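Written out below as structure tokens is the structure these notes cover.
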Amino acid sequence: MPPSDPAPSTEAQAPADDKPAADKAPAVNYSMSGGFPRLLARLDLSLGFTSYQSGKLYLLGRNPKGGGLMVDERLFPKAMGLYAEGHTLALATLFQIQRFENVLDAGQAINHTQDACYVPRITYTTGILDAHDIGLMADGQIVFVNTAYNCLAVPSERHSFTPIWMPPFISALVNEDRCHLNGLAMENGKPRYVTAVSRSDTIDGWRDRRAEGGIVIDVESGEIVCTGLSMPHSPRLVDGRLWLLNSGTGELGEVDLATKSFRPHMFCPGFGRGLAIKGRHAFVGLSKPRYKRFEGLALDDKLKAADSEPWCGIQVIDLDKKTCVEWFRIDGAVAEIYDVAVLSGIACPMSLGFASNEIRNLITHDPLVR
């Protein structure tokens with residue numbers, strides 16, 4: 001929109017949570033460490049995370065009027081993989097891929113409070129693929145982990161998806177979730193590493209390999225660069241270091257590519273999924289392991305040894321000190337989250353969903369093209 005014109009969005013009211021579901025939802029309680037908002041301010045960022053259990057996208061920001069934390073929630077069925085880059089958010093849901101764009105420019109705000117407003121601009125209907133991690137390639141195209149079909153895929157304008165890569169040990173492109181491909185690490189706008197719970201090539205074969213069948217695969221070469229993991233998730237490549245969550249043991253660590261081994265850095269009290277790293281700080285998503293697929297893993301014994309209950313929330317880990325420095329916790333009806341993303345340079349974000357009317361009334365536009 002022309003800089004000389006006042007943006008219509010700057011005077012729009014920040015929408016409340018999607019009322020129909022919120023009125024019926026069981027209670028959810030949020031708590032945090034005292035320094036959590038101050039850390040977000042010091043690092044100049046806010047956070048996004050997803051929960052397939054609640055079917056929501058959450059954005060965490062700082063309240064400019066009071067210094068506390070603001071939580072923005074939007075309904076998206078089975079919200080899973082989340083990726084943030086520039087003005088764009090990409091989100092994997094139950095049977096769709098959503099691409100959001102932040103419609104605010106620097107210095108603009110909605111309701112004099114939120115300095116980013118993510119609006120779903122492009123929706124790809126894929127059908128139920130159990131899509132997990134998601135990313136943006138250098139050309140702006142979305143790429144996602146198609147777990148049901150054991151492949152990496154991009155949206156198709158005609159079909160449900162276009163497969164672009166499959167692990168070498170998978171013999172057929174079929175809807176069988178053989179190895180439970182789940183995590184995706186991007187590098188320079190390209191998929192570089194993926195995680196899988198096993199190298200199984202039979203339907204649902206990964207469930208019998210949860211304890212130590214986990215692997216990391218180099219997408220470029222097809223080589224398996226790490227084995228012996230327990231339900232690994234959320235690989236992230238930062239400054240040449242490959243981090244991931246070894247979920248079945250509750251450990252945050254990194255893959256030593258020279259020795260092809262996993263080096264744990266610290267134990268986190270929960271089933272880890274969702275990892276975002278900014279500088280020396282890692283934002284780790286934790287869930288309570290309440291279902292059979294989580295049982296019988298080393299995480300159970302480690303929690304008992306620490307005399308600790310599993311968490312649901314986000315812990316901020318100082319990677320230099322190997323300790324938790326701040327935290328955001330969820331108690332009540334929501335016990336599982338899937339992904340975490342950093343929104344750099346944004347203090348207080350919000351998004352729009354489809355379950356309320358606000359999206360109909362927010363109109364923004366590009367400058368006039370002559």
Side-chain angles (χ1 to χ4, degrees), residues 1-22 40 44-50 55-65 69-77 79 81-93 96-126 134-142 144 154-155 157 189 339 341-370:
M1 66 185 65
S4 58
D5 293 344
S9 59
T10 58
E11 297 304 320
Q13 295 295 307
D17 188 19
D18 304 310
K19 296 295 185 183
L40 298 184
D44 189 24
L45 58 82
S46 53
L47 295 175
F49 69 94
T50 60
K56 287 186 177 182
L57 165 66
Y58 301 82
L59 300 178
L60 300 182
R62 311 183 301 278
N63 187 343
K65 300 177 182 178
L69 198 67
M70 295 190 69
V71 183
D72 181 81
E73 307 176 13
R74 293 293 158 184
L75 289 166
F76 289 96
L82 181 66
Y83 190 84
E85 186 173 303
H87 289 292
T88 304
L89 280 183
L91 174 68
T93 68
Q96 293 175 322
I97 300 293
Q98 301 286 351
R99 183 187 181 108
F100 298 74
E101 299 295 337
N102 175 20
V103 300
L104 300 186
D105 292 327
Q108 294 182 328
I110 278 186
N111 201 28
H112 307 289
T113 302
Q114 285 89 358
D115 60 345
C117 180
Y118 291 97
V119 180
R121 292 302 191 195
I122 300 176
T123 299
Y124 298 98
T125 301
T126 62
I134 193 168
L136 284 174
M137 295 201 282
D139 61 1
Q141 190 173 33
I142 288 175
F144 62 95
V154 296
E157 293 186 1
D339 211 353
V342 163
L343 311 179
S344 296
I346 294 174
C348 187
M350 62 169 286
S351 65
L352 295 182
F354 299 113
S356 59
N357 293 328
E358 286 84 0
I359 197 169
R360 302 179 185 179
N361 301 317
L362 179 62
I363 308 297
T364 64
H365 62 85
D366 292 311
L368 176 65
V369 177
R370 298 184 183 275

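Computed from a predicted model, the values in this text were never measured in an experiment.
The CD atom of Gln98 lies 8.0 Å from the OG1 atom of Thr125; values are rounded to the nearest 0.5 Å. Ile134 contributes atom CD1, which lies 4.0 Å from atom CD1 of Ile97 (distance to the nearest 0.5 angstrom). For the atom pair Ile122 CD1 and Phe100 CZ, the distance stands at 12.0 Å (nearest 0.5 Å). Going from atom OG of Ser46 over to atom CG of Asp115 covers 7.0 Å, rounded to the nearest 0.5 Å. Between Asp339 atom CG and Leu91 atom CG the span is 9.0 Å, to the nearest 0.5 Å. Remark: Leu40 CG to Ile346 CD1 distance equals 12.5 Å, nearest 0.5 Å.
Annotation for Thr113 and Met70: closest pair CG2-SD, 3.7 Å, computed over non-hydrogen atoms. Taking every heavy atom of both residues into account, Cys348 and Arg62 meet most closely at CB-O, 3.4 Å. Nearest approach of Lys65 to His112, heavy atoms of both residues: CE-O, 4.1 Å. Between Pro349 and Gly61, the closest heavy-atom pair is CD-CA, 3.8 Å. Considering all non-hydrogen atoms of both residues, Thr50 and Leu82 come closest at CG2-CB, 3.9 Å. Heavy-atom minimum distance, Ala84 versus Val342: CB-O, 3.6 Å.
Every residue two or more places apart in sequence or in another chain was checked for a ring-ring contact (aromatic ring centres under 6.0 Å, His included) with Tyr83, and none qualifies. Phe144 is linked by a ring-ring contact (aromatic ring centres under 6.0 Å, His included) to nothing, counting only residues two or more places apart in sequence or in another chain. Glu101 pairs by the side-chain contact (heavy atoms from CB on, under 4.5 Å) definition with His87, Thr88, Arg99, Arg121, not counting sequence neighbours.
For Ser351 (side chain) and Tyr118 (main-chain N/O), no donor-acceptor pair under 3.5 Å exists by modelled atom type. With Gln96 contributing its side chain and Thr93 its backbone, the two residues share no donor-acceptor pair below 3.5 Å. In this structure a side-chain-to-backbone donor-acceptor pair under 3.5 Å is missing from Asn63 to Leu69.
With a 4.5 Å cut-off on side-chain heavy atoms, Leu352 and Cys117 count as touching. Put simply, the side chain of Leu343 does not reach to within 4.5 Å of the side chain of Leu45, judged on heavy atoms. The shortest side-chain heavy-atom distance between Ile359 and Pro120 falls under the 4.5 Å cut-off. With contacts defined as side-chain heavy-atom distances shorter than 4.5 Å, the pair Met350/Asn111 does not qualify.
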Under the criterion side-chain contact (heavy atoms from CB on, under 4.5 Å), I'd like the reasoning laid out for Leu47 against Leu59: C-alpha separation, chi angles, the key distance, then a yes or no. CA-CA 6 Å; Leu47 295 175; Leu59 300 178; over 6 Å; no

